[in-house]
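Structure first, then comments.
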Amino acid sequence: MTSLAESWGTLDQVRVRVPAKINLALCVGGRRPDGYHELATIFHAVSIYDEVTAISAPTGISCEVNGPLADRIGSMEDNLAYRAACLLRDEYGVSQGVHLTIDKRIPVAGGMAGGSADAAGALLACAHLWQVGANQQDLLALAARLGADVPFPLMGGCAVGLGRGETLTPALSRGVFHWVLAFAATGLATPDVFARFDQLAGTAKSRPARPEVPRALMMALVAGQTDRVGGLLVNDLQAAACSLNPALRATLAAGREAGALGAIVSGSGPTIAFLAADEPAATDLAVDLSSRGVAHEVRLATGPVPGATIMG
Ligand code: C5P
């Protein structure tokens, strides 16, 4: 495999665009000794992007978040993108510094892996800026150490995730899927949703040790059968997310009434993804949902889209 840094001259800055994800299936098994849950999930990258720019600095690592969502981000040291840059620097013994700027568009704590996308973008941008000679496999391994959802935004497209969700295998999918995304006004913390899932699900014995993604859904994706995909979307965390934010039930119902082929909470929520037959149907659905006032913000997106990409 070729090195990412090959043939680059000295760089002043590297800008990376990185997509959000939704989970077309999220099947949750028992809680493991390390506190994580065994998962089988189908990740699907969608056309909502953050941009991470790594700007050369003589020394030290710093990080700033811009855009309308910036005030919902915690301290710099807690930012997963900052931690990603620190991890890469330590692993490769880099002495140079970096200033990261993040242009934030993916909802914060929205179940779309926005923080993980920023970390993935920071890994790719810094690997190029510092010319560390890391290939895609190296970055995927570092990404998995940062969080279960960090490897997928590097890969993009459509992929099955096993283990904590970080063990990825690309999945086949035909055609373009048109989504309407309903963002909520406030986020949900992933650990809270898993904890509520444990409460609702009862003992670990009733859950599979090794959950599997639904075969019928994989086949519908390969065949590009949008209506079948819509009917087969599944999320074991949905009841837990709805129990923490009961308004989500009305949003899900409104989308179904308005003709969505499928309606699902994305990941640990609270973002809801509605599948439409095509672009005009998605636009109609978005207009309908906006007029019903059941979501804080409604956005159109398509998937699958490529993973983290260098823009300049
Ligand atoms: O890996 P990440 O830091 O994104 O996970 C956040 C939290 O979500 C974990 O601390 C854990 O509470 C929960 N989680 C889980 N099982 C997974 C993934 C996440 O319980 N497979």
Next on the checklist: Let's go through Asp103 and Arg17 carefully: what are the C-alpha distance in whole Å and the side-chain angles of both, what is the deciding distance for salt bridge (Lys or Arg N to Asp or Glu O under 4.0 Å) to 0.1 Å, and is it a yes or a no?
Outcome noted: CA-CA 9 Å; Asp103 192 5; Arg17 188 176 79 164; over 6 Å; no

Next on the checklist: Run Asp50 and Lys104 through salt bridge (Lys or Arg N to Asp or Glu O under 4.0 Å) and show every step you take.
Outcome noted: CA-CA 5 Å; Asp50 280 357; Lys104 203 131 198 65; 2.4 Å; yes

Next on the checklist: Working note: Leu100 + Val52, criterion side chain to side chain contact (heavy atoms under 4.5 Å, CB included); need CA distance, chi angles, decisive distance, verdict.
Outcome noted: CA-CA 7 Å; Leu100 295 170; Val52 180; 4.2 Å; yes

Item to check | Intermediate values then yes/no, side chain to side chain contact (heavy atoms under 4.5 Å, CB included), Arg164 and Glu38 | outcome: CA-CA 5 Å; Arg164 291 179 297 140; Glu38 201 66 27; over 6 Å; no

Next on the checklist: Between Ser268 and Leu188, is the side chain to side chain contact (heavy atoms under 4.5 Å, CB included) condition met? List the steps.
Outcome noted: CA-CA 7 Å; Ser268 55; Leu188 284 174; 5.7 Å; no

Item to check | side chain to side chain contact (heavy atoms under 4.5 Å, CB included) between Val287 and Val298, worked out | outcome: CA-CA 8 Å; Val287 170; Val298 173; over 6 Å; no

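Linking ILVMFWY residues whenever their side-chain heavy atoms come closer than 4.5 Å, directly or via other members, places Val16 and Leu69 in the same cluster. Under a hydrophobic-cluster definition in which Ile, Leu, Val, Met, Phe, Trp and Tyr are linked whenever side-chain heavy atoms come within less than 4.5 Å, directly or via other members, Leu140 and Leu142 are assigned to the same cluster. In the hydrophobic clustering of this structure, Leu181 does not group with Val108; members are Ile, Leu, Val, Met, Phe, Trp, Tyr whose side-chain heavy atoms approach within less than 4.5 Å, directly or through other members. A continuous path of ILVMFWY side-chain contacts below 4.5 Å connects Ile61 to Ile73, so both sit in one hydrophobic cluster. Criterion: ILVMFWY side-chain heavy atoms under 4.5 Å apart, direct or through other members. Under it, Ile42 and Ile22 are part of a common hydrophobic cluster.
The residues Glu166 and Arg145 are annotated as not salt-bridged, no charged nitrogen and carboxylate oxygen being separated by less than 4.0 angstrom. Ion pair Asp118/Arg83 not flagged as a salt bridge, since none of the NZ, NE, NH1 or NH2 atoms sits closer than 4.0 Å to an Asp/Glu carboxylate oxygen. The pair Glu91-Arg89 does not meet the salt-bridge criterion, since no charged nitrogen lies less than 4.0 angstrom from a carboxylate oxygen.
The nearest pair of heavy atoms linking Val98 to Ala57 is N-CB, 3.7 Å. Across Ala70 and Val65, no two heavy atoms sit closer than the pair CB-O, 3.3 Å. When every heavy atom of Pro304 is checked against every heavy atom of Gly175, the shortest pair comes out as CD-O, 3.8 Å. Of all heavy-atom pairs spanning Cys242 and Leu248, the tightest one is SG-CB, 4.0 Å. Shortest non-hydrogen contact noted between Ala301 and Val46 is CB-CB, 4.2 Å. For the residue pair Ala122 and Ala84, the shortest heavy atom distance occurs at CB-CB, 4.2 Å.
With a 4.5 Å cut-off on side-chain heavy atoms, Leu39 and Leu162 do not count as touching. Leu26 is not listed as a side-chain neighbour of Val234, based on a closest heavy-atom distance of 4.5 Å or more. Within the 4.5 Å cutoff, the side chain of Ile310 has heavy atoms near those of the Val14 side chain. Under the 4.5 Å side-chain criterion, counting only non-hydrogen atoms from C-beta, Val265 is not in contact with Thr271. The shortest distance between side-chain heavy atoms of Gln238 and Leu252 falls below 4.5 Å. Between Val160 and Thr41, every side-chain heavy-atom pair lies at or beyond the 4.5 Å cut-off. Between Leu221 and Leu172 there is no side-chain heavy-atom pair separated by less than 4.5 Å. Looking at heavy atoms from C-beta onward, Leu217 lies in side-chain contact with Val229 at the 4.5 angstrom threshold.
When the shell of 6.0 Å around CZ of Arg32 is examined, it contains more than 12 heavy atoms from other residues, nucleotides or ligands. The local environment of CZ in Arg210 is sparse, with at most 12 non-hydrogen atoms from other residues, nucleotides or ligands closer than 6.0 Å. Within a 6.0 Å sphere centred on CD of Glu212, other residues, nucleotides and ligands contribute 12 heavy atoms or fewer. The number of heavy-atom neighbours closer than 6.0 Å to CE of Met311, taken from other residues, nucleotides and ligands shown, is above 12.
A donor-acceptor distance shorter than 3.5 angstrom exists from the side chain of Ser290 to the backbone of Ala286, with no hydrogens or angles considered. With Thr251 contributing its side chain and Val294 its backbone, the two residues share a donor-acceptor pair below 3.5 Å. Checking side-chain atoms of Asn245 against main-chain N and O of Ala247 turns up a donor-acceptor pair under 3.5 Å. Between the side chain of Asp149 and the backbone N or O of Ser116, no donor-acceptor pair lies under 3.5 Å. Although no hydrogens or angles enter the test, the distance criterion places a donor-acceptor pair under 3.5 Å between the side chain of Asn235 and the main chain of Gly267. Here the side chain of Thr309 pairs a donor or acceptor atom with the backbone of Gly307 at under 3.5 angstrom. Looking only at distances, a side-chain donor or acceptor of Lys21 sits under 3.5 Å from a matching main-chain atom of Gly111. Of the possible donor and acceptor atoms, one in the side chain of Trp130 sits under 3.5 Å from a partner among the backbone N and O of Gly97.
Here Asp12 contributes atom CG and Ile55 contributes atom CD1; the two are 10.0 Å apart, rounded to the nearest 0.5 Å. Taken to the nearest 0.5 Å, the CG atom of Leu24 stands 8.0 Å off from the OG atom of Ser173. Considering CG of Leu285 and CG of Leu275, their distance stands at 9.5 Å, rounded to 0.5 Å. Annotation: the span from Arg299 atom CZ to Leu289 atom CG amounts to 14.5 Å, rounded to 0.5 Å. If you take CG on Leu88 and SG on Cys126, they are separated by 6.5 Å, rounding to the nearest 0.5 Å. For the atom pair CD1 (Ile102) and CD (Glu64), the distance works out to 9.5 Å, reported to the nearest 0.5 Å.
Looking at His178 and Thr302, their side chains never bring a donor and an acceptor atom within 3.5 Å of each other. Using a 3.5 Å distance cut-off with no hydrogens or angles, the side chains of Ser243 and Arg196 do pair a donor with an acceptor. Between the side chains of Gln96 and Ser56, at least one donor-acceptor pair of N or O atoms lies under 3.5 Å.
Applying the ring pair (Phe, Tyr, Trp, His ring centres under 6.0 Å) test to residues at least two apart or on different chains, the pairs with a partner in residues 11-53 are His37-Phe194, Phe43-Phe152, His44-Phe177, His44-Trp179.
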